[in-house]
Every structure is written in structure tokens, then in C-alpha cells.
Amino acid sequence: MVDRDQDWDCHLRTLSNSARDSNSGNDPASDPNILQSVKRLYELCKAENSEDLVARVYPQFNKIFQRSVSSLSQSGTSNGLLLLAILQFFIDFGEMVLHDADPSLKTFFRSCLSREFADPIVAEAVLEFLNVNRNKFLTSFPTLLPQFFPLLLKLIAWNGEKLEKLFLQIFPALISPGSFLPLFPSLMDFPVLVVALERVERSSGSLVGNSIASIQKSKAPEMLLALMDEAYTGSTIGDEGGGSESEDSNTIDVADPLFLDLLKDENDGLSERHWNSPGMTAVINTALSSAQSDRLKQILNMTPRILDVYFFVALREVNNSLICALIPLLMSRNSILFPDKDFSYKVRKRLLEFMLAAFQRSPAFIALLKKPIIDRLGEAYENPAKTELALQLCWAIGEHGGGGRSHSDAARELFESLELLLYENLLSSRLGLRQDSGDNASGESFRKSSQSRLLCFVITAIAKLATYHRDLLPRARVSLGKVARSRTSDSRVWTRAHDYLGVLSDPGISLSILGPSKPASEDAHNPGTVDWSQGRTKMVAHIPFYILCKQEGPPFHDLSFSDILPRR
């Protein structure tokens, strides 16, 4: 007990003396003994759990916290570890001393972490601090991490894979109703964020100890001009011989809004990012014109894994209204990704899988989002990414009946869009897809394969919609009849249309094969199964013809059991 009291008094004197010391009074972090004393006093308070001890140490901790924050702009040492140790005391013992930790936490993020996120030691300590207090953040400060998610994204973007595990543990806490939608474009633009941060470092020096907000105010016009100059002329802002145009450009008052949005520290809502803006074009061209840095390579690998967690949380915890609002954003970003082949493939795969999972969970989304869906179907010719999105949308429309039986008006509009897409493909001999390959034969083969695949998806969706909504059946027969008679170069297309015509002629078979994957009511049996109570009249005639897939020719219905049962 005596040793404990002596230890206690020694550390308290260290803190008291620091306030009178001219060297550490203005910058407590400059004295490493202060950090050790803070940690030791916290451990003693934790072990004793005495209100008297907590009350004695609290004033000293609070003074050191305030002095550290006020000295950040002039400090030459890192204050992050010291402030985190004091914040841990505020969180654990705030109720005893009536101290609300929320303002202190916000002050730390705005004043300290915004300057020291690039310090690997501070970054790791921050993530460990957040993980240790994760439950308290979720219950006592539920809006804090969602508010500062841009700053935490900068932290992980700069420090890379070595902190990925710690970041993924706390990442779900960044997702809230207010941050769910703004978080999506930030994740999609992770690689661009890295490029922008690296550019800031090259233009203004080390990011450690410097607030990007102050850099933006003083250096943003020059940085944007440098990016644009390098992208379009190959020179830099420091090159000699600049003409009057460069001088005029120097009069830009603020930076490109996109550039400022990428480097912000706090969530200020969903903002539209224009990838065709001069700033974004300059950033992308700069990244493509040079070898990828290790930091950029790491974030290209990490982003798909972070998206996995984002979509997992979305499907489990986010309400339908937010998911429905996310899908149009997802569709618009499907073809607008950082131009790295492997990165684009992995991210696009996850976007489409999540979209289909969302439609599976709530088929009514298809009816609610008919306008953006129709717009995406109209863009199926522009590039392979948009073609693939159109294919998946066609599948979802057919699989879920355009939103279900209760959305007949929306289903009719979607059906008309599918008809238009079908007729355009029948009349056109090319999709207009841009190919990077210089081999004409290879490009022509890819074009034909893409067109055939698109036609197969479209006619399947038309047949499925007509099965859901019987009022569309006459129009579906006309559309499929035109395809069946067209005899396109790919026999799979017109053969499938011919088969669907035969299926649609019998409601029982079409419902079993093309109907919903789930029964319309709990009492109904699953599609594709036999209702044995009606076996005397329908058992033979309604056996799906795909059982006879090895028999050639159009489907026929005068079947006998010998056709489908193996002979002994």
C-alpha cells in the first residue's frame, strides 16, 4: 500500500511539474515521462476503482489534454498517443467525474488525428483504441465514427495492409443510416484517394503533422494546376517557360470540388463525383502514366475485401429504403471504376452480386427502380461493363417477375423495354462494343458472342414475365416468334425462342419451368414439383419437357412414362 501511494504521488508530481516547466508546459508531449505517468495513473485508477483517486487525477488529465490540443499547430512531436491515453480515462471514468467524452473525442479527431493519421504508430494505436471501445462507441457515441469515416478511410488508405485486420474489425461501426450512402462512393474511390494523398505529399511535404485542411487552403490551386499540367502537357508546375495561360490558371480561388471532397475529414452527406472533371482526369492520368506505388497496389487489393464487409452489413442490418437508394448509385458506378483490370473485375463482380442479392431479398425493388433499370437497359451497347449490367438486370426482371404479381404496370413497362432491346439486336448486326484487341477476328467473335448472350437473356426474361403476368402472353408470343423465325447466326438464340414458345402454350409447364422460384403463397407447392392430387389429369401432361433434354426437336406434350422412366 505504501509503495502504491508513493508511486501515485510521484506520477501526480510529474504531471504538476509539467505545467510549470517552460519546456513542456505548452507541449506536454515533448516530455515522454508525462505519457508514462498518465498510463500508470490510469492503471492505478482501474485497479482500485476508487472515486477518490479518480477525482484527484481528473483535473491534471483534463489540463494536459487541453494544453496538448492547443499546442498541436506548433508542436514538433506527436501528441496522438498521449491524447489517446487520456481519452481512455475519460471514457472509463467520465461518469464518476461528470465528464462527457464526446466533445473530447471530436476534438481529438479534428485537431490531432487529422494531422497524424499518416503516422503509422498513431494510426495503429487509434484502431486498437477504437476496437477496445467498440461497444461503448456503438452505445454511447453512435454517430461519432460515422461522422468521421472519411478521416478513418484516409488513415487506412495511407497505412495499407498492415492495419487491414484492425480496420475491418471496426469498419462495421462506421456504417449508420447517415453514413451508409456517402460511404459507398468513398469506398469505390479508394484508389483515387491514395493517388490524391501521394500527390499532396509530393507537393507539400510529409503528411505527418500537417493538416490537409490547411494545405488545401494554401496549396490547393497549385496542386490542381500541377495535376492538370502534368496530365495534358507532360510538364509540371515548376517547369520554366510557363505562358500567360498558366499565370491565369494560378488565379483559381479554390481547388476542384472533387479533389476537396476526396480529402475531407468529416461526413457531410452524399455528394456527386464527376469522373469527367479536369481534376479527376488529371489524377487518373497521373496514376496511369507512372508505375503503381506499393501503397496504391495495397489499396487495390484491399478495396474488394472492404466492400465484402460493407455489403455483408448492408444485407444484414440496413433497412430496405437505404438499400433501394443504394442500387441506382451502384448501377451508375458499375462502369466507372479506377482503370486497373484486376481491381475492376473484382469490384464489379461484388457490385452485381450484391444487386442480385438485394433483388432476391426484396423483389419489389425492381418495380420501384424501373426508371433507372430501363435507363441501364438502354445503355447495353456502350461498353462491356454496361452490357454485363444489362444482362444481370434482364435476369433479375425475369426471375422476379418485374417486381411480382402486384406490380403489373411496372412489369408492362419493363416488358416494353425488353421488347425494344430485343428488336434493336435483331435489326443490328453489331453491338458497338469497343474492344482493346487489335485482332479483327477476335473482336468479331467477341461481338457475336456478346450479342447472342444478350439475346438469350432478353428472350428468357420476356418468357418469364409472360408467365408471371398472363396479360403479356400475346405480346411475348409475337416477340419470341420473330426471334424463332429470324434464324440468327447463332442457333442457340432462335432454338431457345422456339422452345419457349412451346413452353408458353401450356400454362402448367410454363409455370413449372419459368415461374417464380418461390411459391406465391405458403399453401402452394414449389414450382417444378408435381401436385399428385391432380395426377389423373395432369401428371403425365405436365412433366417438364426439360427432363427430355436429350431428345431433339420442339417440345411435345403427348408423353408416355416410357419416355422418362428408365427401362429395366
Side-chain angles (χ1 to χ4, degrees), residues 72 78-80 83-84 105-130 144-164 166-168 170-171 173-175 179 182-217 219-220 223 227 255-269 271 273 279-280 283 287 293-303 305-307 309-310 338:
L72 281 169
S78 172
N79 286 265
L83 293 177
L84 285 173
L105 289 166
K106 290 180 179 178
T107 298
F108 170 77
F109 279 100
R110 289 174 177 149
S111 301
C112 179
L113 190 58
S114 62
R115 297 174 179 273
E116 300 185 14
F117 71 89
D119 186 328
I121 297 176
V122 173
E124 184 175 7
V126 166
L127 292 179
E128 290 176 347
F129 170 80
L130 295 178
L144 187 67
L145 295 183
Q147 178 181 349
F148 288 97
F149 82 78
L151 181 56
L152 294 173
L153 292 185
K154 286 198 296 186
L155 181 150
I156 189 62
W158 191 256
N159 291 280
E161 291 179 330
K162 60 181 177 292
L163 299 182
E164 179 183 1
L166 286 172
F167 179 77
L168 288 179
I170 195 62
F171 178 70
L174 274 61
I175 302 175
S179 66
L183 186 56
F184 175 72
S186 297
L187 295 178
M188 299 296 291
D189 293 334
F190 241 150
V192 183
L193 173 60
V194 171
V195 175
L197 288 172
E198 291 178 335
R199 185 67 191 189
V200 172
E201 184 184 48
R202 289 194 297 270
S203 302
S204 305
S206 174
L207 299 180
V208 180
N210 291 318
S211 172
I212 291 185
S214 62
I215 294 175
Q216 288 173 344
K217 292 178 181 178
K219 297 290 187 180
M223 287 190 295
L227 282 168
D256 190 311
L258 173 65
F259 194 76
L260 297 176
D261 186 61
L262 282 170
L263 298 177
K264 65 185 179 183
D265 289 336
E266 297 185 43
N267 173 25
D268 54 6
S271 58
R273 297 182 176 181
M280 180 62 84
V283 170
S293 65
D294 290 339
R295 188 174 285 111
L296 179 57
K297 291 178 180 178
Q298 290 183 33
I299 209 65
L300 290 173
N301 291 329
M302 290 169 55
T303 301
R305 297 192 289 267
I306 297 174
L307 280 173
V309 179
Y310 176 80
F338 188 82

Output for pair (Leu193 CG, Ile299 CD1), nearest 0.5 Å, gives 7.5 Å
Partner set under side chain to side chain donor-acceptor pair (under 3.5 Å) for Asp268, not counting sequence neighbours
Lys264
Within the structure provided, determine whether Ser293 and Leu296 are in side-chain contact (heavy-atom separation under 4.5 Å).
yes
Nearest heavy-atom neighbours spanning Pro146 and Ser179
CB-OG, 3.6 Å
Answer whether the closest heavy-atom distance between the side chains of Pro150 and Asp265 falls below 4.5 Å.
no
Any side-chain heavy-atom pair of Ile170 and Leu152 under 4.5 Å:
no
Value rounded to 0.5 Å, distance of SG in Cys112 from CG in Asp119:
9.5 Å
Going by ring pair (Phe, Tyr, Trp, His ring centres under 6.0 Å), name the residues that satisfy it together with Phe108, two or more places apart in sequence or in a different chain.
none
For Thr107, the side chain to side chain donor-acceptor pair (under 3.5 Å) test, sequence neighbours excluded, returns none
Using the ring pair (Phe, Tyr, Trp, His ring centres under 6.0 Å) criterion, which residues pair with Phe129? Sequence neighbours excluded.
none
Nearest 0.5 Å please: distance from the CG atom of Leu145 over to the CG atom of Asn267.
12.0 Å
To the nearest 0.5 Å, what is the distance between CG (Asn79) and CG (Leu84)?
10.5 Å
Once side chain to side chain donor-acceptor pair (under 3.5 Å) is applied, do any residues pair with Ser111, and if so which ones, sequence neighbours excluded?
none
CA sep, side-chain torsions, deciding dist, call: Val122, Leu155, side chain to side chain contact (heavy atoms under 4.5 Å, CB included)
CA-CA 10 Å; Val122 173; Leu155 181 150; over 6 Å; no
When you look at Met302 and Ile156, which way does the side chain to side chain contact (heavy atoms under 4.5 Å, CB included) test go after all the steps?
CA-CA 10 Å; Met302 290 169 55; Ile156 189 62; 3.5 Å; yes
Hits for salt bridge (Lys or Arg N to Asp or Glu O under 4.0 Å) against Glu128, two or more places apart or cross-chain, chain-then-number order -> none
Contact between Leu83 and Leu113 at the side-chain level, heavy atoms closer than 4.5 Å - yes or no?
no
Set of residues satisfying ring pair (Phe, Tyr, Trp, His ring centres under 6.0 Å) with respect to Phe190, sequence neighbours excluded
none
All side chain to side chain donor-acceptor pair (under 3.5 Å) counterparts of Gln147, not counting sequence neighbours
Glu266
Less than 4.5 Å apart, any side-chain heavy atom of Trp158 and any of Leu207?
yes
When rounded to the nearest 0.5 angstrom, what distance separates CG in Leu174 from CG in Leu153?
6.5 Å
Nearest non-hydrogen partners of Pro120 and Lys162, listed with the distance:
CB-CE, 4.3 Å
Test log, rule side chain to side chain contact (heavy atoms under 4.5 Å, CB included), inputs Met188 and Leu307
CA-CA 8 Å; Met188 299 296 291; Leu307 280 173; 4.2 Å; yes
For Phe171, give me all partners under ring pair (Phe, Tyr, Trp, His ring centres under 6.0 Å), at least two apart in sequence or on another chain.
Phe167
Name all residues meeting the salt bridge (Lys or Arg N to Asp or Glu O under 4.0 Å) criterion together with Glu161; count only those two or more places apart in sequence or in a different chain, and write none if there are none.
Arg305
Value rounded to 0.5 Å, distance of OG in Ser114 from NZ in Lys154
7.0 Å
Set of residues satisfying salt bridge (Lys or Arg N to Asp or Glu O under 4.0 Å) with respect to Lys106, sequence neighbours excluded:
Asp102
Start with the C-alpha distance between Tyr310 and Ile175, add both sets of side-chain angles, then the distance that settles side chain to side chain contact (heavy atoms under 4.5 Å, CB included), and finish with yes or no.
CA-CA 8 Å; Tyr310 176 80; Ile175 302 175; 3.9 Å; yes
